Amino acid sequence: MERLLFRSEELVGSSSEREDAYEQWLKFISRHLYHYRLNPGSSKASNFAINARCRSYAGFTVARFTTTGGRCQLNRAAVDIATDGHDRYAVYLTLSGDLEFAQFGRTRVCNPTSFALLSASEPASHNKMGDNDTLCFLMPREFVDQRMVDIERTCVDPIPSKG
């Protein structure tokens, strides 16, 4: 796994400004989180907009994605895992809107009162249920494995956040 010392990037755009807004969003996610593909059945909304920021340091990443334009589904398949080789865990915390995650045979909805943990080294589905604002924190597998046992049992199950 490539360990970056420090990287920061921002992406702001919309489908009304540029035809390739979805593609730019997916490239941004691939550079900073891991590779996802847009489900071929997902329609591209004409009002799609993205405001994303990301900072990475030594294998850890913090990102914030604010999107409008309704629903879409992102999938991470075995071919994507083999291509990018990322072996990290991601914590998703929605600030507004709902996300539905599927991994390890479990499908759960994560809303602003909870957060979810996903493994980048296993196939997953990430459904954007509508407009949302999401924080994402990625950690190297080694870091998590040193602190938690049997972590895959926790993946996808929403964990209540305490406000």
Side-chain angles (χ1 to χ4, degrees), residues 1-103 106-112 114-140 155-156 158:
M1 178 173 87
E2 177 185 325
R3 292 223 171 198
L4 302 172
L5 290 181
F6 179 77
R7 182 166 62 177
S8 179
E9 187 178 353
E10 185 172 348
L11 172 67
V12 178
S14 69
S15 54
S16 65
E17 298 168 344
R18 53 190 310 169
E19 279 185 31
D20 67 345
Y22 275 93
E23 289 75 18
Q24 292 303 313
W25 175 46
L26 290 171
K27 285 179 184 178
F28 186 90
I29 292 170
S30 291
R31 276 194 306 276
H32 297 286
L33 306 185
Y34 37 76
H35 190 73
Y36 271 124
R37 294 174 196 250
L38 189 62
N39 181 359
S42 292
S43 61
K44 296 180 178 178
S46 60
N47 64 335
F48 174 76
I50 178 74
N51 184 338
R53 292 183 306 275
C54 184
R55 293 187 188 271
S56 298
Y57 179 75
F60 293 86
T61 300
V62 175
R64 184 171 183 178
F65 297 91
T66 304
T67 60
T68 58
R71 302 174 62 98
C72 75
Q73 180 179 359
L74 302 174
N75 295 315
R76 181 162 171 77
V79 66
D80 303 308
I81 295 162
T83 300
D84 68 22
H86 286 289
D87 191 15
R88 305 192 291 174
Y89 286 100
V91 174
Y92 288 92
L93 171 67
T94 68
L95 302 175
S96 68
D98 293 339
L99 298 172
E100 179 185 73
F101 297 107
Q103 191 173 57
R106 298 184 293 270
T107 301
R108 304 289 192 270
V109 173
C110 186
N111 55 43
S114 61
F115 58 94
L117 179 73
L118 271 72
S119 170
S121 64
E122 295 292 330
S125 173
H126 175 147
N127 292 303
K128 186 172 109 58
M129 307 297 280
D131 299 349
N132 64 31
D133 189 358
T134 305
L135 292 175
C136 183
F137 178 55
L138 282 95
M139 303 162 282
C155 288
V156 180

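The structure displayed is predicted, hence computed values, not measured ones. Because only heavy atoms are used, hydrogens play no part in the values below, and waters and symmetry mates are left out as well, while side chains stay in.
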side-chain contact (heavy atoms from CB on, under 4.5 Å) evaluation trace for M129 with N111: CA-CA 10 Å; M129 307 297 280; N111 55 43; over 6 Å; no

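Here K44 pairs with E23 in a salt bridge; the nearest charged N to carboxylate O distance falls below 4.0 Å.
In this structure the side chain of P112 reaches within 4.5 angstrom of the side chain of D98, judged on heavy atoms. Taking the side chain as every heavy atom from C-beta outward, D80 and Y36 never approach each other to under 4.5 Å. Using a 4.5 Å heavy-atom threshold, the side chains of I81 and H35 count as separate. The shortest distance between side-chain heavy atoms of I50 and F28 does not fall below 4.5 Å. Taking 4.5 Å as the limit, every side-chain heavy atom of H126 sits out of range of all side-chain heavy atoms of R76. In this structure, the side chains of D84 and S30 stay at 4.5 Å or more apart for every pair of heavy atoms. Under the 4.5 Å side-chain criterion, counting only non-hydrogen atoms from C-beta, L11 is not in contact with K27. For the pair L135/V62, no side-chain contact is recorded, criterion being any heavy-atom separation below 4.5 Å from C-beta on.
Side-chain N/O atoms of T66 and D133 include a donor and acceptor closer than 3.5 Å. One side chain, R88 or T61, offers a donor N or O that lies under 3.5 Å from an acceptor on the other. With 3.5 Å as the limit, one finds no donor-acceptor pair spanning the side chains of N47 and S15.
Judged as a side-chain hydrogen bond (donor to acceptor under 3.5 Å, both in side chains), and not counting sequence neighbours, the contacts of S125 are Q73, N75. Partners of A90 according to the side chain to side chain contact (heavy atoms under 4.5 Å, CB included) rule, which considers only residues two or more places apart in sequence or in another chain, are Y34, Y92, C136, L138.
The main-chain N or O of G69 is found under 3.5 Å from a side-chain atom of D131 such that the two form a donor-acceptor pair. Between the Q103 side chain and the E122 main chain, a donor and an acceptor come within less than 3.5 Å of each other.
Among all heavy-atom pairs drawn from A102 and T107, the shortest one is CB-OG1, 3.5 Å.
The NZ atom of K128 sits 10.5 Å away from atom CG of L38, with the distance rounded to the nearest 0.5 Å.
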